[in-house]
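The next block holds one structure in the form of structure tokens; read it before the comments.
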Protein chains: 2
Amino acid sequence: MDVGGTLYALRTQRGLSQRELARRCGVANGTISLIESNAINPSVGLLRQIVHALPMNLSEFFAFEHLEERKLFYRASELREIGGKGISYRQIGTNLNGRALQMLDEVYAPRTDTGKTMLHHTGEEGGVVISGEIEVTVADQRAILGPGDAYYFDSNLPHRFRNIGKEPCHIVSAATPPSF
Amino acid sequence: MDVGGTLYALRTQRGLSQRELARRCGVANGTISLIESNAINPSVGLLRQIVHALPMNLSEFFAFEHLEERKLFYRASELREIGGKGISYRQIGTNLNGRALQMLDEVYAPRTDTGKTMLHHTGEEGGVVISGEIEVTVADQRAILGPGDAYYFDSNLPHRFRNIGKEPCHIVSAATPPSF
DNA sequence: TTGAAGTGTTTTTTATAATGAACACATGCT
DNA sequence: AGCATGTGTTCATTATAAAAAACACTTCAA
């Protein structure tokens, strides 16, 4: 169901970069990127070549994929990073297809922002601030939340998160259904 | 190493035709043919779709592939048919890559012939006639062989087999290295 | 502060997989 | 015989994967 997520999990588990893996198996690094984001549907031969460099065989690879689907517990190092640019979103589970919930462990670096154009998507979301401070804007309401404070709103409402402080802000959030 | 052979073995094991399998998984029947002959390198997604119709998952599929590589014994029904047009060649083993020997259980229907243009390829080959009669021509020599008779020659010599009798002719043969 | 080397992503081109239709052959039925 | 239905293969077209290069960004060292 999720070849890209499985490859990502196995690669990062081994501490390899996309380029290092690409070098070891003789595949273009861009191809690894596209596979991990499920943007392409790799051929069996190519996937075999990549997986051998892990090193692993295809039977083990797909067995691991099935294990992932039934995974219950995640070590801190196993959360999947899906953020970027100073905002870290570490997701519980690599493949959320068919799941109801998207849980994230978020860290906003100082002066980071989800952007001037407000976010909006179907569903509902909530979160609790663990440390630091965050300015949350939802529709026409705005608040600065600190440790222990929380939020909950309909994701259809335009919303925005900004860390206007000098400390990183750590939040644990949940959304239903998963949005990206 | 041999996705095509593995798919062939699993499909025929279940008594399915290429078209029946194609119908069940929603794939073009020609595609199944091309995969089985290793003429194309299917995508993971497509192979998954096909394998699910067997029904099986990819981990099991590739585990089976590894089993095949170490297979020692073959039931009569498991020999792989690689002949056609009245001449049956039933090969021991589906994938001969890296193997030294090609063993065949051959049946020539009455009035069949390997063709007017003589065969030739590197290696050596031999065989024993089990039943029926066969006319064997090698270079400038010709003989009619019956049950218990045998042949052995350098495959570089032009050769031809013709069943000129009224009974099917059954031969067990070996060649090294495998030629097709 | 500049630049070199690292990261993952995106784009353009080329190669190839996948389809759908046609083909060639066999079997069985009327 | 003649036709329908089955088999696997092959071909031309379309869709898509894979490579190579450019891109945007970070980190670290001079």
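To find a chain, count down the sequence lines: A is the first, B the second, and so on, and within it residues start at 1. Heavy-atom basis, side chains included; hydrogens, waters and symmetry copies ignored. Bear in mind that the values here come from a model prediction, so they are computed numbers and not experimental data.
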Quiz item: Tell me, for nucleotides 9-25 of chain C in 5' to 3' order, what letter each nucleotide earns: B for a base near a protein heavy atom under 4.0 Å, S for only sugar-phosphate near one, - for neither?
Solution: BB------SSB--B--S
Exercise. For DNA chain D, note the earliest and the latest nucleotide, 5' to 3', having some atom under 4.0 Å of a heavy atom belonging to chain A.
Key: D:dA17 to D:dC25
Quiz item: Residues in side chain to side chain contact (heavy atoms under 4.5 Å, CB included) with B:T112, at least two apart?
Solution: B:I87, B:Y108, B:A109, B:N163
Identify each donor-acceptor pair in which a side-chain atom of residues 134-148 of chain A lies under 3.5 Å from a protein atom, sequence neighbours left out, and give them as a table.
{"unit_1": "A:E135", "atom_1": "OE1", "unit_2": "A:R162", "atom_2": "NH1", "d": "3.2"}

Exercise. Write out all pairs satisfying ring pair (Phe, Tyr, Trp, His ring centres under 6.0 Å) with one or both partners inside residues 44-70 of chain B, taking only residues at least two apart or from two chains.
Key: A:F62-B:F62
Exercise. Scan for salt bridge (Lys or Arg N to Asp or Glu O under 4.0 Å) pairs involving residues 29-48 of chain A, sequence neighbours excluded, and state none if there are none.
Key: A:R11-A:E36, A:R48-B:E65
Practice problem: Working to the nearest 0.5 Å, report the span between CG of B:L47 and CD1 of B:I35. | Solution: 6.5 Å
Quiz item: With A:R160, which residues qualify under side chain to side chain donor-acceptor pair (under 3.5 Å), at least two apart?
Solution: A:D113
Quiz item: What pairs with A:Y152 under side chain to side chain contact (heavy atoms under 4.5 Å, CB included), at least two apart in sequence or on another chain?
Solution: A:E124
Quiz item: Residues in side chain to side chain donor-acceptor pair (under 3.5 Å) with A:S173, at least two apart?
Solution: A:E106
Practice problem: Can you tell me which residue pairs pass the ring pair (Phe, Tyr, Trp, His ring centres under 6.0 Å) test with a partner in residues 158-177 of chain A, sequence neighbours excluded? | Solution: A:H121-A:H159, A:Y151-A:F161, A:F153-A:H159
Quiz item: Quick one: side chain to side chain donor-acceptor pair (under 3.5 Å) pairs with a partner in residues 23-35 of chain B, sequence neighbours left out?
Solution: B:E20-B:R23, B:E20-B:R24
Quiz item: Where along residues 4-17 of chain A does a heavy atom come under 4.0 Å from DNA chain D, residue by residue in number order?
Solution: none
